[in-house]
Amino acid sequence: MPDISITLPDGSSRPVAAGTTVGGLAESIGRGLAKAAVIGVVNGVERDLAHPLEDGDEVAIVTKTDERGLFTIRHSTAHVLAQAVLDLFPGATFGIGPVIEDGFYYDFQLPAGADGKPATFAPEDLPRIEARMREIIAETQPFVRVDIDNDRAREVFADHPFKLEIIDGEAEDPTSVTEKGIARTYENPPSTPKERPPFRGYPGFIDLCRGPHVPDTKAHLGHFALTRIAGAYWRGDESKPQLQRIYGTAWASKADLDAHRERLEQAALRDHRKLGAELDLFSFPDEIGSGLAVFHPKGGLVRKLMEDYSRRRHEAGGYEFVYTPHITKGALFEESGHLDWFADGMFPPIHFDDEGGPEGTDYYVKPMNCPFHILIFRSRQRSYRELPLRMFEFGGVYRYEKSGVIHGLTRVRGMTQDDAHIFCAREDMAEELSSLLDFVLGLLRDYGLDDFYLELSTRGEAEKFAGTEEEWAEATAALEVAAGTSGLELVPDPGGAAFYGPKISVQARDAIGRTWQLSTIQVDLQLPQRFGLEYVGSDGARHRPVMIHRALFGSVERFFGVLLEHYAGAFPTWLSPVQVRVLPVRNDHMAYADRIADRLRAEGFRADVVDATEKLGNRIRKAKGEKLPYVLVVGDDDVEHGTVGVNARGGEVERGVSIDEFEQRLRVEVLAQTGGR
RNA sequence: GCCCGAGUAGCUCAGUCGGCAGAGCAUCUCACUCGUAAUGAGAAGGUCAAGGGUUCGAUUCCCUUCUCGGGCUCCA
């Protein structure tokens, strides 16, 4: 056999026998590499290990520790899931099964049950399906790439309408599985033919797929778990049939799978809903209604501290505080346009027959604050000398969120926006946006979040958007400049803007790397026009101001939930509802303990005392459970010398610290956390 | 709103194949007064989410509603 020459990623050439495959190349380089190999990248295109090489090919071997290798493992596991479901549920058909973060899913439709509707999976089905998947893996079925023409593909998939839709519908899609009338498929030939082959003319399982795949089901697969069942609309479209989705997680090794499970457990421990109940911070009484929170004394204290600090910073930042009512006549939201677009998302009106003429009057609970702030702006003639005019309000708003979307404090029906509206001259917009973004990021950092990236949502192509193209371009450019000044990564989100203007949203990564969308800064090209806003310029002429909407926390409730998860309930000292707990060793130390607590309270710290009814160890344990920053233990030695025993959260126990020194440490710590503000 | 699952003491959960409702923690009382992550004893605590149906009898089976959880869709 004549040799051919292959170029490796390091630029070196390697002679191999003609007909050598990607897998064969890996084998020739080393046993270890061959064992870890999942796929190859040949001339920039991902290929199966069975792909034959040609002279001059540039080849990189992708192993199971590479991101693309893991992707392939997850993708191939999804195929095994589909095969297992089709084996166990005769008459089932399938949609798509992509890779997602940490795993994969596959969508199925089961045959109709007694009620004529497609059947659904039950939780008990998951172990059965998983067991069947392990059998398939143990069979070592190869993944065989088969290119067949579309007509043949339509025959093979004749009983699978979703696949037919893919064959027919995606011809123009460059990432399509069909190209020039040829459909790419992957077949898993079984060791023995299926009892009920679900495909016409194939003894086993076959799926439309671009690939590539692991070479066979035994290779790299097996470190997976099916995790949940859900309904999901075909092609994500609410008007299309709802399929049954099975989610799974898959990894390159058992250790990785175990580590993933551990991460989930850790995340569950910091779930703000769980911590909110455990730490007695807030609750959602059924009697009030879904998505409507009450804050208990400790949660209320944390929230007050958050709000107080925000108020101080806004005051210093040139904001003026306004207050507006929770309800309004419908006319206001007609003028703003909200009733046209978002009536579904609002609580239904409160109707009065005996007011406003024969039709009566409808009052609405407000879903947003901006129209009220606009009325304040419009309450009298405005001069350019007043601009930029920055109005701030902790505004309570109510939105009738769909019942299925409500989630703890992060998605509620009643919330308090830390809402500001800035009215400025068009020529000042860019500068205002830059300083605004700076202000926003600075404040978020003070609350302990410091890992951000930005998202720039811009106008889409085909949709209808308010304002002119020129205005959009100008506003978008101003936002880009502001983002550039921040030095943060900027992720484009084309078409993601609201109809009324482009926006920047600040995404924050929390202590365990999850991202949360927090602040938004939004340019509004619509409302100033709808409300006919004007100011008198230095030229004596009337001009239309630019309006910027901006929420920093998003909502106080949501931000509270995010911080709670970020800190896993262990708030920094400045935000802790109880900062110091003093524990007398015996009750005859009570007077001394009370004196220390009184002194700390007199200095503005939050301290309490728990008497010696219970053993010290148990009282310490309870204080740790409450995640208090400091526990002070005082006994005979301390009473004698004017000291305390300091047990700091996450620190070592220190005996004999003078009360002056402890107080000084506490003061320094809180000052450092709030920047002295 | 849609699909699946779950609601038993304040919390975490047993249990009842249809026949008087259970534990641990928390709470309260009493005793213990102890130097760094669970002292002991006792008491109290429930319309078994709500409403309807089947039944001699329903917390248990069926239906409806409410709430919660996981997804989908949505999020001005």
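Since the model is a prediction, treat every value here as computed from it, not as a measurement.
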Within the sub-3.5 Å range, which N or O atoms of nucleotides 65-75 of chain B have a protein N or O partner, and how far apart are they?
residue : atom : partner : partner atom : Å
B:U67   : O2'  : A:D286  : OD1          : 2.9
B:C68   : OP1  : A:S290  : OG           : 3.1
B:C68   : OP2  : A:S290  : OG           : 3.0
B:G69   : OP1  : A:R273  : NH1          : 3.1
B:G70   : OP1  : A:R273  : NH1          : 3.3
B:G70   : OP1  : A:R273  : NH2          : 2.9
B:G70   : OP2  : A:R273  : NH1          : 3.2
B:G70   : O2'  : A:R228  : NE           : 3.4
B:G71   : O3'  : A:Y247  : OH           : 2.9
B:G71   : O2'  : A:Y247  : OH           : 3.1
B:G71   : N2   : A:G231  : O            : 3.2
B:C72   : O4'  : A:G231  : O            : 3.1
B:C72   : O2'  : A:Y233  : N            : 3.0
B:U73   : O2'  : A:E238  : OE1          : 2.8
B:U73   : O2   : A:K402  : NZ           : 3.1
B:C74   : O2   : A:R411  : NH2          : 2.8
B:C74   : N3   : A:R411  : NH1          : 3.2
B:C75   : N1   : A:R411  : NH2          : 3.4
B:C75   : O2   : A:R411  : NE           : 3.2
B:C75   : O2   : A:R411  : NH1          : 3.2
B:C75   : O2   : A:R411  : NH2          : 3.4

With sequence neighbours excluded, residues passing side-chain hydrogen bond (donor to acceptor under 3.5 Å, both in side chains) with [X]:
{"X": "A:T328", "answer": "none"}
{"X": "A:E262", "answer": "A:Q266"}
{"X": "A:D286", "answer": "none"}
{"X": "A:N587", "answer": "none"}

Nucleotide paired to [N] in any strand shown, Watson-Crick or G-U, under 3.5 Å:
{"N": "B:C72", "value": "B:G1"}
{"N": "B:C25", "value": "B:G10"}
{"N": "B:C30", "value": "B:G40"}
{"N": "B:C17", "value": "none"}
{"N": "B:C61", "value": "B:G53"}
{"N": "B:C48", "value": "none"}

Considering only the [atom1] atoms, how many Å lie between [N] and [M], rounded to the nearest integer?
{"N": "B:C13", "M": "B:G52", "atom1": "P", "answer": "30 Å"}
{"N": "B:G70", "M": "B:U33", "atom1": "P", "answer": "49 Å"}
{"N": "B:G53", "M": "B:U60", "atom1": "C1'", "answer": "15 Å"}
{"N": "B:C28", "M": "B:C66", "atom1": "C1'", "answer": "33 Å"}
{"N": "B:U39", "M": "B:A50", "atom1": "C1'", "answer": "43 Å"}
{"N": "B:G40", "M": "B:U47", "atom1": "P", "answer": "30 Å"}
{"N": "B:U73", "M": "B:U12", "atom1": "C1'", "answer": "34 Å"}
{"N": "B:A14", "M": "B:A49", "atom1": "P", "answer": "14 Å"}

Tell me the interatomic distance from [X], atom [atom1], to [N], atom [atom2], rounded to whole angstroms.
{"X": "A:M346", "N": "B:A76", "atom1": "CE", "atom2": "C1'", "answer": "10 Å"}
{"X": "A:R619", "N": "B:A26", "atom1": "CZ", "atom2": "P", "answer": "14 Å"}
{"X": "A:D107", "N": "B:C4", "atom1": "CG", "atom2": "P", "answer": "15 Å"}
{"X": "A:E287", "N": "B:A50", "atom1": "CD", "atom2": "C1'", "answer": "12 Å"}
{"X": "A:W341", "N": "B:A76", "atom1": "CH2", "atom2": "P", "answer": "13 Å"}
{"X": "A:M590", "N": "B:C34", "atom1": "CE", "atom2": "P", "answer": "16 Å"}

| said: Strictly below 4.0 Å: does A:T120 bring a side-chain N or O up to OP1 or OP2 of B:C4? | reply: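 Affirmative; the distance criterion is met.
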| Quick one: is A:N618 getting a side-chain N or O under 4.0 Å of the B:A37 phosphate, OP1 or OP2? |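 No, A:N618 has no side-chain N/O under 4.0 Å of OP1/OP2 on B:A37.
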| query | Who passes salt bridge (Lys or Arg N to Asp or Glu O under 4.0 Å) against A:K615, sequence neighbours left out? | reply |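 A:K615 satisfies salt bridge (Lys or Arg N to Asp or Glu O under 4.0 Å) with no other residue.
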Sidechain N-carboxylate O distance under 4.0 Å for [X], [Y]:
{"X": "A:E278", "Y": "A:K274", "result": "yes"}
{"X": "A:R665", "Y": "A:E669", "result": "no"}
{"X": "A:E335", "Y": "A:R378", "result": "yes"}
{"X": "A:R655", "Y": "A:D637", "result": "yes"}
{"X": "A:D237", "Y": "A:K240", "result": "yes"}

| request: Kindly write out the residues that satisfy side-chain contact (heavy atoms from CB on, under 4.5 Å) with A:A475, not counting sequence neighbours, or none if the list is empty. | output: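 side-chain contact (heavy atoms from CB on, under 4.5 Å) check on A:A475 returns A:M429, A:P502, A:V523.
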| field | Polar side-chain atom of A:Q526 near backbone of A:G501 as donor-acceptor pair, under 3.5 Å | value |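 Side chain of A:Q526 to backbone of A:G501, a donor-acceptor pair under 3.5 Å: no, none is there.
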| said: Which residue is it: A:K503, A:M547, A:R550? I am looking for the one with a side chain to side chain contact (heavy atoms under 4.5 Å, CB included) to A:Q522. | reply: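 Checked A:K503, A:M547, A:R550 against A:Q522; only one passes side chain to side chain contact (heavy atoms under 4.5 Å, CB included): A:K503.
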| task | Would you kindly compare A:P123 and A:V644 by the position of their nearest RNA chain B nucleotide and give the one closer to the 5′ end? | result |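 Comparing both residues, the 5'-ward one is A:P123.
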| said: Under 4.0 Å, counting only non-hydrogen atoms across every strand here, what does A:G345 touch: a base, just sugar-phosphate, or nothing? | reply: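 Base contact.
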| Across the strands shown, which category fits A:E278 at heavy-atom distances under 4.0 angstrom: base, sugar-phosphate, nothing? |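 Counting heavy atoms under 4.0 Å across all strands, no contact is made by A:E278.
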| request: Check ring pair (Phe, Tyr, Trp, His ring centres under 6.0 Å) between A:Y247 and all other residues, then give those that pass, not counting sequence neighbours. | output: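 A:Y247 satisfies ring pair (Phe, Tyr, Trp, His ring centres under 6.0 Å) with A:Y105 once adjacent residues are dropped.
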| task | Could you list by number each residue of residues 627-640 of chain A showing a heavy-atom separation from RNA chain B of less than 4.0 Å, or answer none if no residue does? | result |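 Going residue by residue through residues 627-640 of chain A, the ones with a heavy atom under 4.0 Å of RNA chain B turn out to be A:V633, A:G635, A:D636, A:D637, A:D638.
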Protein and nucleotides 44-47 of chain B: nitrogen or oxygen contacts under 3.5 angstrom:
none

| message | Listing request: all salt bridge (Lys or Arg N to Asp or Glu O under 4.0 Å) pairs with a residue in residues 576-596 of chain A, at least two apart in sequence or in separate chains. | response |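 Every pair satisfying salt bridge (Lys or Arg N to Asp or Glu O under 4.0 Å) with a residue in residues 576-596 of chain A: A:R581-A:D608, A:R581-A:E626, A:R586-A:D588, A:R586-A:D636.
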Give each protein N/O atom lying under 3.5 Å from an N/O atom of nucleotides 28-33 of chain B, with the pair distance.
residue : atom : partner : partner atom : Å
B:U33   : O2   : A:N587  : N            : 3.3
B:U33   : N3   : A:N587  : ND2          : 3.4
B:U33   : N3   : A:A612  : O            : 3.4

| query | Between A:D107 and A:W234, do the side chains contain an N or O donor and an N or O acceptor separated by less than 3.5 Å? | reply |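 No - no donor-acceptor pair under 3.5 Å links their side chains.
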